[in-house]
Amino acid sequence: MNENSAERKRDQLEISRRYLVKSALTVAPVILTLRSGATLANASAFQCIQRDQGRADAGANPLLAPGEPSDDWARKQVRVKKLKDNQGNEFWVYEDPNSPGNWLKEDGSPVNLSDYT
């Protein structure tokens, strides 16, 4: 009887090993084809940037007039001022919505209003 139980254990061990190998072989192709979430997110963001750049190059107006149908541009109401430098060049600045009282150029660089007219 002792020999018989040892044989059963060996058979069960072989079956367990076969099951493990079969499982590993069926899962391997799935693991190898998974894509990175970060890669997918970057590709999506890049497509959005390209689309918006193309719309801007085509002369799309990001300002929405009252009564115009909505589109997919993001907008936030901010205070703006038109300034003039010493050479007479005019440019627009806007108040930082996250830090009232601080004014920024379009490129995001800070502006001291007292330096301009």
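Numbers for residues simply follow the sequence, beginning at 1. Because the structure is a prediction, the values reported are computed rather than measured. Only this structure's heavy atoms are used, side chains among them; waters, hydrogens and symmetry mates stay out.
The side-chain hydrogen bond (donor to acceptor under 3.5 Å, both in side chains) test applied to Asn102 returns Ser99, not counting sequence neighbours. Partners of Arg17 according to the salt bridge (Lys or Arg N to Asp or Glu O under 4.0 Å) rule, which considers only residues two or more places apart in sequence or in another chain, do not exist here. With sequence neighbours left out, Ser109 forms a side chain to side chain contact (heavy atoms under 4.5 Å, CB included) with Lys105, Asp107. Under the side chain to side chain contact (heavy atoms under 4.5 Å, CB included) criterion, Asn112 pairs with Ser114, Asp115, not counting sequence neighbours. Remark: Glu90 pairs with Lys82, Lys84 by the side chain to side chain contact (heavy atoms under 4.5 Å, CB included) rule, at least two apart or across chains. With sequence neighbours left out, Pro110 forms a side chain to side chain contact (heavy atoms under 4.5 Å, CB included) with Leu104. Every residue was checked against the side-chain hydrogen bond (donor to acceptor under 3.5 Å, both in side chains) condition with Gln87, not counting sequence neighbours, and none meets it. Listed by chain and residue number, Tyr116 satisfy the ring pair (Phe, Tyr, Trp, His ring centres under 6.0 Å) test with Phe91 (two or more places apart in sequence, or in another chain).
Side-chain atoms of Glu95 come within 3.5 Å of backbone atoms of Gly101 as a donor-acceptor pair (strictly under, hydrogens ignored).
In this structure, Arg18 pairs ionically with Glu14, as a charged nitrogen and a carboxylate oxygen lie closer than 4.0 Å.
Tyr94 and Trp92 fall within the same hydrophobic cluster, defined by Ile, Leu, Val, Met, Phe, Trp and Tyr side-chain heavy atoms under 4.5 Å apart, directly or through other members.
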